[in-house]
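Remarks on the structure that follows.
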Amino acid sequence: MVKLEAVLPMLPDDVRMYRLRPPKVNRGALAALARRFDLHGSERVGGFYQDRNVLRYTESYYTVMLHRASGGVRFYDKSRWQRDWGEGDVKLSDRRAIAIAERFVTERELADSGEYDVLKVSRLNVGTVELESGTAQERVIDVAVAFQRVVDGLPVDGPGGKLVVYIGHGSQITGCEFLWRDIASVARQRVELRSPESVLERLARRYALRRGSMTVEAFRFGYFELGWNDRQAMLQPAYVVLLKLATGERAFRVRKVEVTPAATRPVPGLAPRRRRPTKEQQSRRETREA
């Protein structure tokens, strides 16, 4: 049985497919990025480090990271980012937090105002309780404003296409995370799309349940961008479907997220490539199975 709790998306008349520019990830690019965050970006006052996934620059309490595969950027003030000093309480309305975050995005030239929508505003809370009196206190030590990338009026779903700005005590910026890849050119001017109904039918066949149900909780259409350590050559349309499966007599429930290409002729690489486990990970797995 299929239960449809979500509204199937209305499709636009014209949808493009884009080529993405390979990220420029080297020491010079990292130094220039550090200077954008008002750091020196120099070995005289900081240090450069690298591993298989990221290039990292540190200066005093500050860290700037540039991811090799995606070009994604992370910047943190480690002395203040999500740190609790025991007294601070960030009292910001959503509207005020969004204004502070947008000013930072503009000043650092991370994105233009027409390239994103506000996704959500979240808060990191801490609580304390006095044992003798039982008095409880809750404070906000961090406010995170998340923006979602928009291309041709369509949202960019997935782990990529996100920009998060962190605001701490005194309304000071304590960090940001920025993951969206540069568009190089148009790969296809007009993309022929699969209908949402055909995708729904395919999912129903895949999860055909003799006893149980499949509930469609959300059915989204837009572009899809991969994560921090994934390479991606194309930005193409996709459906993101949130499912709840109930199987067996005891109605065991599990939630799944299905990402399906929306184009009738998609380009391979929409989903992240499965990585081989390291020897250490394989050894742990074999130990657990034994």
Side-chain angles (χ1 to χ4, degrees), residues 1-20 67 69-70 72 111 115-122 144-164 177-181 183 187-188 190-209 213-247 253-275:
M1 180 173 61
V2 177
K3 299 177 182 178
L4 184 60
E5 294 181 350
V7 177
L8 296 183
M10 298 289 292
L11 302 182
D13 294 330
D14 296 314
V15 179
R16 297 173 177 148
M17 188 179 295
Y18 291 97
R19 295 184 187 89
L20 296 173
H67 284 251
S70 64
E115 295 180 335
Y116 60 80
D117 286 331
V118 176
L119 181 61
K120 65 179 179 179
V121 179
S122 60
V145 181
F147 300 103
Q148 182 173 32
R149 186 181 190 180
V150 175
V151 175
D152 293 340
L154 296 174
V156 177
D157 217 322
K162 306 295 183 295
L163 197 171
V164 184
E177 298 171 348
F178 177 66
L179 177 57
W180 61 55
R181 298 156 174 87
I183 291 176
R188 295 183 197 169
R190 188 166 184 172
V191 177
E192 184 178 346
L193 300 174
R194 303 173 182 175
S195 69
E197 290 81 5
S198 67
V199 173
L200 187 60
E201 290 174 4
R202 185 183 63 81
L203 292 174
R205 289 194 300 270
R206 173 184 293 183
Y207 296 110
L209 305 172
S213 65
M214 180 184 82
T215 302
V216 181
E217 297 183 310
F219 202 118
R220 302 196 295 261
F221 171 78
Y223 290 100
F224 193 84
E225 191 165 346
L226 297 174
W228 296 95
N229 297 319
D230 298 308
R231 299 187 184 279
Q232 186 173 354
M234 292 283 184
L235 188 66
Q236 57 183 316
Y239 294 108
V240 177
V241 187
L242 277 62
L243 301 173
K244 181 171 65 178
L245 306 176
T247 62
R253 290 177 175 82
V254 62
R255 279 184 164 84
K256 293 185 67 68
V257 178
E258 288 284 342
V259 180
T260 302
T264 56
R265 295 187 299 115
V267 175
L270 182 66
R273 183 179 300 176
R274 289 181 175 271
R275 295 179 176 84

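Every heavy atom of this structure was used, including side-chain atoms; hydrogens, water molecules and symmetry mates were not.
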Candidate pair Leu8 and Glu197, rule side chain to side chain contact (heavy atoms under 4.5 Å, CB included), full reasoning: CA-CA 8 Å; Leu8 296 183; Glu197 290 81 5; 3.7 Å; yes
Rounded distance [0.5 Å steps], [atom1] in [X] versus [atom2] in [Y]:
X	Y	atom1	atom2	value
Tyr239	Leu203	OH	CG	11.5 Å
Trp180	Lys162	CH2	NZ	9.0 Å
Arg149	Leu154	CZ	CG	12.0 Å
Thr215	Leu4	OG1	CG	9.5 Å
Glu177	Leu163	CD	CG	9.5 Å
Ser195	Leu200	OG	CG	9.5 Å

Taking the side chain as everything from C-beta on, heavy atoms only, tell me whether [X] gets closer than 4.5 Å to [Y].
X	Y	answer
Met17	Tyr223	no
Val15	Phe221	yes
Ile183	Leu20	yes
Pro237	Leu193	yes
Leu245	Lys256	yes
Asp14	Arg16	no

Pair Leu235-Val151, side chain to side chain contact (heavy atoms under 4.5 Å, CB included): steps then yes or no: CA-CA 10 Å; Leu235 188 66; Val151 175; 4.0 Å; yes
Please find the pair of heavy atoms, one from [X] and one from [Y], that lie closest to each other, and give the distance.
X	Y	value
Leu179	Pro159	CD2-O, 3.9 Å
Pro9	Phe219	CD-CD2, 3.4 Å
Gly227	Ser70	O-CB, 3.7 Å
Leu11	Pro196	CD1-CD, 3.9 Å
Asp13	Arg190	O-NH2, 3.6 Å
Arg253	Ala246	CG-CB, 4.0 Å

Can a donor-acceptor pair be found, under 3.5 Å and without considering hydrogens, that links the side chain of [X] to the backbone of [Y]?
X	Y	value
Arg181	Leu226	yes
Gln148	Val156	yes
Tyr207	Arg202	no
Lys3	Glu217	no

Basic-acidic side-chain contact under 4.0 Å: Arg265, Glu192: no
NZ/NE/NH1/NH2 to OD/OE distance under 4.0 Å, Arg206 and Glu258: yes
Side chain to side chain contact (heavy atoms under 4.5 Å, CB included) evaluation trace for Leu243 with Val241: CA-CA 6 Å; Leu243 301 173; Val241 187; 3.6 Å; yes
Stepwise side chain to side chain contact (heavy atoms under 4.5 Å, CB included) test for Val150 and Glu115: CA-CA 5 Å; Val150 175; Glu115 295 180 335; over 6 Å; no
